[in-house]
Chemist: 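The structure follows.
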Amino acid sequence: MNERPNSQKTQRGFSLLFSIILIFSIFGATIFAVSRRMANEMSESAIQNLSESLDLIQSTIEAILRSQADFQLLIAQEVAQAENPETYIRTYKRNQTMAKLSLIVSGETEGVSNTGDRFTEAELDFSAGGAVMGLAVSQSYVNYMGTWAYTMKCPVERDGQVIGTLYAEYIYDTIDQSLPDGFYNKQASLYIMDSQSQRFVLKPKGMGKRSAGHLNLADFYRANEIGNTDIQAEVEACLDTGRNALFYHDIRDEQALNYMWSVNGGTIFLVGYVPVAAIQQEGRTVNQNIMIVVVSLLAAFLLCIGLYYRNWRQQEKLRREQEAERKRYSQQLAEALQAAQIASESKTMFLSNMSHDIRTPMNAVLGFTSLLARDAENPAKVREYTQKITASGQHLLSLINDILDVSKIESGKVVLNYERFALDDVVSSVDAIIQPIARAKGQQFHLETTDIRHEYLVGDETRINQILINLLSNAVKYTPEGGEIWLRIIGLKQRSSQYEHIRIEVEDNGYGMTPEYLETIFDAFTRAENSTTNKVQGTGLGMTITKSIVELMGGTIDVRSQVDQGTLFRVELELRVLEEAPPDKAPPPAPEEAGDLTGMRFLAAEDNAINAEILAELLDIEGASCEIVADGRLAVERFQRAEPGEFDAILMDVQMPVMNGHEAARAIRALAREDAGRIPIIAMTANAFAEDEKAALDAGMDAHVPKPLNMEQLRKVIAQLRGRKGGQ
């Protein structure tokens, strides 16, 4: 009798249990499906964010390439307007963006570079056909500095005709400076690959770890075990067509999303991967919560709903954080692009200043040359024009020397030469130079030295002398006739017994400077200009050089000035004290008088026909003769054939084809003939720095005479060498 109700209860219990299980299964399946869908959507959103980040990096790189192309076109215009394009290229200063600038004149196969080397297009590969704004881009390569680089070329046109081709070499490190510091919390890996050679030319900073140290795409395949032929075929198709690709592949046992992203029409590619764990960070959280939801469904349906709601809130928060992160990356890329544009504008301003400062004396040289041709029969006019051409040429040479000096200081190539010296000797030398200049302008020059404790110090005497000359020369320039100038050398309280603390004060009661100009006085190409001073010539680099030298020596410099009241410069230096007094030295020899070149016969190595003609004419005026050969090897061969005593000296250029001057000097010294070791060899070159003179002496030469050739200096050098030979 009771079996049926019990059976019915059992059936209802099973039905209820089945219903509960079914409901929970449906809810579980529904929640699971929803969670999976959300995880997929968030994964797709993350992939979209990755694509946008790559698009922004692509846009930044392409903007940098366009900026470089614009800058190169501007340089091409400057080259076209230059009187001598090859000279313009040789003297063009390198910068952090453009590592090398070269020019090949139309009809020639070989050109010149601002590094001093000869240049041919055969050194580069433009076969890939890549271009930026119509300018051909070469295949990437490792340049002479050991860093990856690429070259753009563009025609140089003058009056509608192509007169040459301009080549500019850029380094990939410049791109690295403009990219953001990583993305996807620095878990992403990013390389920049040259599509033609498939070499990895840049590993930007902050872009994850590079445990394999990849060199190229094949190495990337091998290190990350990407052996799937379908994937490799897809990558090859991307390289051929210049399109983008995303594919999944495990990297070191971790699933990752790999990408190949085209830049500049496929000339270079962004290559790398992002761990799926980083992309699907939100999805992992969903999966963890699914397990919680499944377990919670066994306890209560409401708890599952609550957990699901909490999970949704977390995902929304993560999505907002990711969106904020994407916006932050976008802002960083925009700032990097703006910085690149500012750098381009700075280069344009520099070129404008350079053009003005160089064209001013050049205009005088060309103008007076025209007048010289017109008045060739008037000796008085000829002498007047010649003097003015010489003055303008000296001003132009001063400008070039200052620019090269600044370039060396900024590139860190200036090395201080620490030697012992007497401060009194420096002061006396400066007084001998400045006193006549000030007296010629009717100025009074006062010299005061107080509280100096040690006579002999250790430092770079030449650079200290340069600081004093620069400051005092400016004081003389910008002080009217009848003004006064003071040089004070003051010994301050020593901070250490091993160092003399010195203050140098240069004061004048001249024109003075405005507060606005004082803020830029140490910037390059700046001069105080007004109706009184605008006739003063100068490069505007003197204060820049002075400040750089002072700071290189560990000192400080400051300036105070008021208009129409004068200016005061203060330099503070600490110089090491010489612990022992130097031995007594014999008095310096009297300066050599200029020698007589009459009857002397020279062998000259000079590859420039114009320079050779000028040299021959100048020596002919001095009553000497010379035989000129076109390179160092010919000079060695001619001397080897010469009779003993046939030549009195050899004038040797340094930069020459076939064999340079240093190699030629060593070869001559090594010849098996008695006079090979004693014939005077004089370096006659445009390489005019102290290290260039040292290199010439190390190569076996006896003296160094810089170009432009000064006959007075050549006569003195010959006299010194004759005196040395007579003493021996």
Side-chain angles (χ1 to χ4, degrees), residues 51-80 92 94-103 124-141 143 147-157 162 165-180 183 190-196 201-202 204 239 241-244 260-271 329-352:
S51 300
E52 292 176 358
S53 295
L54 292 172
D55 285 339
L56 287 172
I57 294 175
Q58 170 195 351
S59 299
T60 299
I61 295 175
E62 291 177 347
I64 293 172
L65 294 176
R66 289 193 297 271
S67 174
Q68 292 173 347
D70 284 334
F71 180 60
Q72 188 165 342
L73 290 171
L74 179 61
I75 294 293
Q77 295 176 6
E78 291 287 340
V79 172
Y92 188 82
R94 287 178 286 175
N95 53 53
Q96 295 179 348
T97 300
M98 188 188 304
K100 183 177 181 181
L101 192 66
S102 307
L103 175 69
L124 305 172
D125 183 0
F126 290 90
S127 61
V132 178
M133 296 178 60
L135 304 188
V137 181
S138 73
Q139 178 180 320
S140 302
Y141 56 90
N143 66 8
T147 186
W148 280 99
Y150 54 93
T151 293
M152 295 185 194
K153 68 176 182 177
C154 68
V156 178
E157 297 183 359
V162 176
T165 304
L166 181 68
Y167 300 80
E169 178 181 279
Y170 305 92
I171 58 176
Y172 277 98
D173 291 344
T174 303
I175 296 176
D176 188 12
Q177 297 170 3
S178 301
L179 295 180
F183 62 106
L190 174 66
Y191 298 85
I192 295 181
M193 182 186 75
D194 178 76
S195 61
Q196 182 72 7
V201 298
L202 183 63
L239 293 175
T241 61
R243 61 182 175 84
N244 303 329
M260 295 278 297
W261 218 255
S262 170
V263 179
N264 191 37
T267 57
I268 58 177
F269 275 80
L270 305 177
V271 180
Y329 287 138
S330 300
Q331 182 179 359
Q332 290 176 351
L333 290 173
E335 291 174 352
L337 179 59
Q338 183 180 8
Q341 293 171 342
I342 292 174
S344 177
E345 293 173 358
S346 298
K347 294 170 189 172
T348 302
M349 180 62 69
F350 171 78
L351 289 174
S352 177

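Just the heavy atoms: all of them, side chains too, but no hydrogens, waters or symmetry mates, feed the values below.
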Chemist: Please tell me if the side chains of Met98 and Tyr170 come closer than 4.5 Å, counting only heavy atoms from C-beta onward.
Modeler: yes
Chemist: Taking all atoms of both residues into account, what is the closest heavy-atom pair of Ile192 and Tyr172, and its distance?
Modeler: CG2-CE2, 4.3 Å
Chemist: Is a side-chain N or O of Thr151 found less than 3.5 angstrom from the main chain of Tyr167, in a donor-acceptor match?
Modeler: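 Between the backbone of Tyr167 and the side chain of Thr151 there is no qualifying donor-acceptor contact (under 3.5 Å).
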Chemist: List the atom of Ala69, the atom of Met133, and the distance in Å for their closest heavy-atom pair.
Modeler: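 For Ala69 and Met133, the tightest heavy-atom pair comes out as CB-SD, 3.9 Å.
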Chemist: Between Tyr329 and Gln332, is a side chain to side chain contact (heavy atoms under 4.5 Å, CB included) present by the stated rule, with each step listed?
Modeler: CA-CA 5 Å; Tyr329 287 138; Gln332 290 176 351; 3.6 Å; yes
Chemist: With a 4.5 Å cut-off on side-chain heavy atoms, are Ile268 and Val201 touching?
Modeler: no
Chemist: Mind checking whether Ile57 and Val263 have side chains closer than 4.5 Å, heavy atoms only?
Modeler: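 Not in contact.
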Chemist: What's the shortest heavy-atom distance between Gln196 and Ser127, and which atoms?
Modeler: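 Smallest interatomic distance, heavy atoms only, reads NE2-OG, 4.0 Å.
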Chemist: Mind listing the closest non-hydrogen atom pair of Ala168 and Leu101 along with its distance?
Modeler: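 Shortest heavy-atom separation between Ala168 and Leu101 comes out as CB-CD1, 3.9 Å.
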Chemist: Rounded to the nearest 0.5 Å, what's the gap from CD1 on Ile171 to OG on Ser140? Could you check?
Modeler: 13.0 Å
Chemist: Rounded to the nearest 0.5 Å, how far does OG1 of Thr147 lie from OH of Tyr141?
Modeler: 10.5 Å
Chemist: Are Val132 and Arg66 side-chain neighbours, meaning at least one heavy-atom pair lies under 4.5 Å?
Modeler: yes
Chemist: Are any side-chain N or O atoms of Asn244 and backbone N or O atoms of Ser262, one a donor and one an acceptor, separated by less than 3.5 Å?
Modeler: yes
Chemist: List the atom of Gln72, the atom of Met152, and the distance in Å for their closest heavy-atom pair.
Modeler: NE2-O, 2.8 Å
Chemist: Say you draw a straight line from CD of Glu157 to CG of Leu166; how long is it, rounded to the nearest 0.5 Å?
Modeler: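 These two atoms lie 12.5 Å from each other.
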Chemist: Could you grab the distance from atom CG of Asp70 to atom CG of Leu135, nearest 0.5 Å is fine?
Modeler: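 Reported to 0.5 Å precision, the distance equals 8.5 Å.
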Chemist: Between Glu169 and Asn143, does any side-chain donor sit less than 3.5 Å from a side-chain acceptor?
Modeler: yes
Chemist: Would you give the length of the straight line joining atom CG of Leu270 to atom CE of Met260, rounded to the nearest 0.5 angstrom?
Modeler: 9.5 Å
Chemist: Any chance the side chains of Tyr92 and Glu78 put a donor and an acceptor closer than 3.5 Å?
Modeler: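 No - no donor-acceptor pair under 3.5 Å links their side chains.
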Chemist: Under 4.5 Å between any side-chain heavy atoms of Leu239 and Phe269, yes or no?
Modeler: yes
Chemist: Nearest 0.5 angstrom please: Leu333 CG to Thr60 OG1, how far?
Modeler: 4.0 Å
Chemist: If you look at every heavy atom in Ala76 and Pro155, which pair is closest and at what distance?
Modeler: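 Looking at all heavy atoms of both residues, the closest pair is CB-O, 4.1 Å.
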